[in-house]
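Working notes, beginning with the structure itself.
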Amino acid sequence: MNITSIDIKKLYIETYGCQMNVSDSEVVSAILQKENYQITDKPEEADLILINTCSIRDNAEIRVKGRLENLRIHKKNNKNLKIGVLGCMAERIKDKILEDDPSVDLVVGPDAYRDLPKLLEVVSGGTKGVNTILSLEETYADISPVRLDENNVSAFVSIMRGCNNLCAYCVVPYTRGRERSRDPETILREVKELIQQGYKEVTLLGQNVNSYLWKEDNTDFPDLLEKVAMLSPVLRVRYSTSHPKDLSDKLIQVMSKYDTICKNVHLPIQSGSNNVLERMKRKYTRESYLQKISAIRKAMPEVSVSTDIITGFCGETEDDHLDTLNLMKEVGYDFAFMFKYSERPGTFAAKKYADDIPEETKTRRLNEIIELQNQLSLESKQKDIGEVFEVLIEGRSKKSSEELFGRTSQNKVVVFPKMHFKTGDYVQVKITDCSSATLKGSAIL
Ligand code: 5AD
Ligand code: SF4
């Protein structure tokens, strides 16, 4: 009998939250592949189920708790099944997860994934395994992630970890620790490997990419972005996320210089009111933000701008809310992620301010914000009708097998008849129609 086949175990991993978590799940998969785990997409056949969790809002945590209740039934059929909680919730609640849910065997924070093999040994002996130690150095720089998204077109590359910003509402500095940058050589090596494997797009990830700095040779984020862009004329490069206070002219220059650096800037405003921004400790004003947007648009007229907005933050008045709506119109965002404020234990806001906006007011304000953004998104797409865009094809359209979908450099989704094209191709598409979410068109031959 083949001995190695006996040793193979199956890992099912489910990921919640941000792109950084997706990237972390790929690092975890790489670590466990070395321990003879094979990835499965069926929890019922797994020997190990891992849930990579998010704590950003209360409802993210509630979803995970519900999911854990569902997954626990697999233990009935497989007595050896182990269940682990990874990521931000593991870091935030730590061993309390084990008290609340006895079916959980393993709790591992974002900086402790290298310890997984050792923890799994502990767990196989019937003891619970916990490591939530945060690190000042860990960047998993030497680990080649196992790509879990099978489209083979676009990949996330983590360039830094943690966050030093301490925005008043945000749990991330507590769950992901201090900011640290990854050695640029290892980033470039990872991107080169992706190019060799045929990938066409990378997204450089960090909680605040603009503060990337490799101190040994003073490589800052624009330097890194340029080095990545120079690796290939057919590799699209995106990045996420920028903090408005740190986005530099140097970055704008580098973005303008390379066609392959995608012309989308995601710049979370959070609120259009200076009073709220100050209480949020965002360290910029509405005016300085708008100046950045003008500079970006002046250098790159074709750029799209997207944002994150929190409504109903502590003390937000009706005037503050109107400031947000006005700012949205003034910028004319192409896209936005919009949220109700959710108090997170341990944050500055939770300690110092009252979460005093009634739920129904938060809901009403959020609905107004969403309604406005739908209109702005539609206007942004209507402007594209009649224009031709280069689209990188990501796969088949969900609605029709006769259509493909891809994205423009501006990160807008385009659906078009497939003809002879295939995933990973670049194609010129003329836009003929749109909804607020998608562009429609046909390829130009
Ligand atoms: N409540 C609501 N939204 C939040 N975000 C971060 N913390 C909170 C919170 N406590 C939003 C911000 C951030 C995005 C990733 O999530 O808009 O940019
Ligand atoms: Fe969620 Fe933030 Fe953690 Fe990402 S970093 S998983 S968004 S809490």
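The shown structure was predicted, so the numbers you read here are calculated from the model rather than taken from an experiment. Residue numbers start at 1 and run along the sequence shown.
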Exercise for the section: Give me the ring orientation class for F335 and F337: parallel if the planes are under 30° apart, tilted from 30 to 60°, perpendicular past 60°. Expected result: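 It falls in the perpendicular class, over 60°.
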
Practice task
Might you work through the salt bridge (Lys or Arg N to Asp or Glu O under 4.0 Å) test for R161 and D24, ending with a clear yes or no?
Solution key: CA-CA 10 Å; R161 298 181 71 82; D24 279 3; 2.8 Å; yes

Are [X] and [Y] close enough that some pair of their side-chain heavy atoms sits under 4.5 Å apart?
X    : Y    : value
Q207 : E179 : no
M419 : V427 : no
I370 : N374 : yes
W214 : L224 : no
L120 : P117 : no
V265 : K292 : no
T139 : M160 : no
V209 : L251 : no

Is the count of non-hydrogen atoms from other residues, nucleotides or ligands lying under 6.0 Å from [X] atom [atom1] greater than 12?
X    : atom1 : value
E371 : CD    : no
R67  : CZ    : yes
K82  : NZ    : yes
K430 : NZ    : no
N59  : CG    : yes
K192 : NZ    : no
I133 : CD1   : no

Could you tell me which non-hydrogen atom of [X] sits nearest to which non-hydrogen atom of [Y], and how far apart they are?
X    : Y    : answer
P222 : S248 : CG-OG, 4.0 Å
T260 : P233 : CG2-O, 3.3 Å
F156 : E190 : O-OE2, 4.1 Å

Practice task
Considering only NZ, NE, NH1 and NH2 on the basic side and carboxylate oxygens on the acidic side, decide whether E61 and R344 come within less than 4.0 Å.
Solution key: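 Result for this pair is yes, salt bridge flagged.
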
Using 0.5 Å steps for rounding, measure from the [atom1] atom of [X] to the [atom2] atom of [Y].
X    : Y    : atom1 : atom2 : result
N264 : M300 : CG    : CE    : 10.0 Å
I309 : L327 : CD1   : CG    : 7.5 Å
R189 : S144 : CZ    : OG    : 7.5 Å
C163 : N208 : SG    : CG    : 6.0 Å
S154 : D149 : OG    : CG    : 6.0 Å
L106 : I51  : CG    : CD1   : 11.5 Å

Donor-acceptor pair, [X] side chain versus [Y] backbone, under 3.5 Å?
X    : Y    : answer
T219 : D223 : no
D101 : E69  : no
R180 : E137 : no
K75  : S103 : yes
S181 : L213 : yes
S342 : D58  : yes
D308 : Q270 : no
Y16  : G87  : no
D105 : G84  : no
S23  : Q19  : no

Would you give me the side-chain donor-acceptor pairs under 3.5 Å for residues 400-407, sequence neighbours excluded?
from	atom 1	to	atom 2	distance (Å)
S400	OG	E402	N	3.0
R407	NE	E394	OE2	2.9
R407	NH1	N411	OD1	3.3

Exercise for the section: Applying side chain to side chain contact (heavy atoms under 4.5 Å, CB included), run through V237 and M255 and close with a yes or a no. Expected result: CA-CA 10 Å; V237 188; M255 280 188 80; over 6 Å; no

Problem - Any side-chain donor near an acceptor of the partner, K245 and N165, under 3.5 Å - result: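 Looking only at side-chain atoms, N165 and K245 do form a donor-acceptor pair, the distance falling under 3.5 Å.
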
Handout entry: Pair E14, Y12: side-chain N/O donor-acceptor within cut-off below 3.5 Å
Key = yes

Practice task
Could you tell me which residues satisfy ring-ring contact (aromatic ring centres under 6.0 Å, His included) with Y258, sequence neighbours excluded, listed by chain and number?
Solution key: none

Exercise for the section: In sequence, state the C-alpha distance, the side-chain angles, and the governing distance for K9 and E35, and then conclude on salt bridge (Lys or Arg N to Asp or Glu O under 4.0 Å). Expected result: CA-CA 9 Å; K9 292 187 197 154; E35 302 294 310; over 6 Å; no

Exercise for the section: Take N152 and T423 through the side chain to side chain contact (heavy atoms under 4.5 Å, CB included) test and state the conclusion after the steps. Expected result: CA-CA 9 Å; N152 257 50; T423 301; over 6 Å; no

Practice task
Could you walk me through whether S135 and D111 pass side chain to side chain donor-acceptor pair (under 3.5 Å), step by step?
Solution key: CA-CA 6 Å; S135 156; D111 285 346; 4.7 Å; no

Practice task
Quick one: list whatever passes side chain to side chain donor-acceptor pair (under 3.5 Å) with T363, sequence neighbours left out.
Solution key: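 Partners of T363 under the side chain to side chain donor-acceptor pair (under 3.5 Å) test: K340.
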
Practice task
Evaluate the criterion side chain to side chain donor-acceptor pair (under 3.5 Å) for residue pair T241 and H266; output intermediate values, then yes/no.
Solution key: CA-CA 6 Å; T241 293; H266 186 71; 5.0 Å; no

Exercise for the section: Could you give me the CA-CA distance, side-chain angles and deciding distance for K200 and D425, then say whether salt bridge (Lys or Arg N to Asp or Glu O under 4.0 Å) is met? Expected result: CA-CA 9 Å; K200 297 285 175 58; D425 285 349; 5.4 Å; no

Fill in the blank from the handout: Which of L50, I49, N36 passes side-chain contact (heavy atoms from CB on, under 4.5 Å) with L11? It is L50

Problem - Test log, rule side chain to side chain donor-acceptor pair (under 3.5 Å), inputs Y169 and R57 - result: CA-CA 10 Å; Y169 50 80; R57 285 168 290 276; over 6 Å; no

Exercise for the section: Show your working on salt bridge (Lys or Arg N to Asp or Glu O under 4.0 Å) between D142 and R114 and close with a plain yes or no. Expected result: CA-CA 11 Å; D142 55 314; R114 278 183 209 269; 2.8 Å; yes

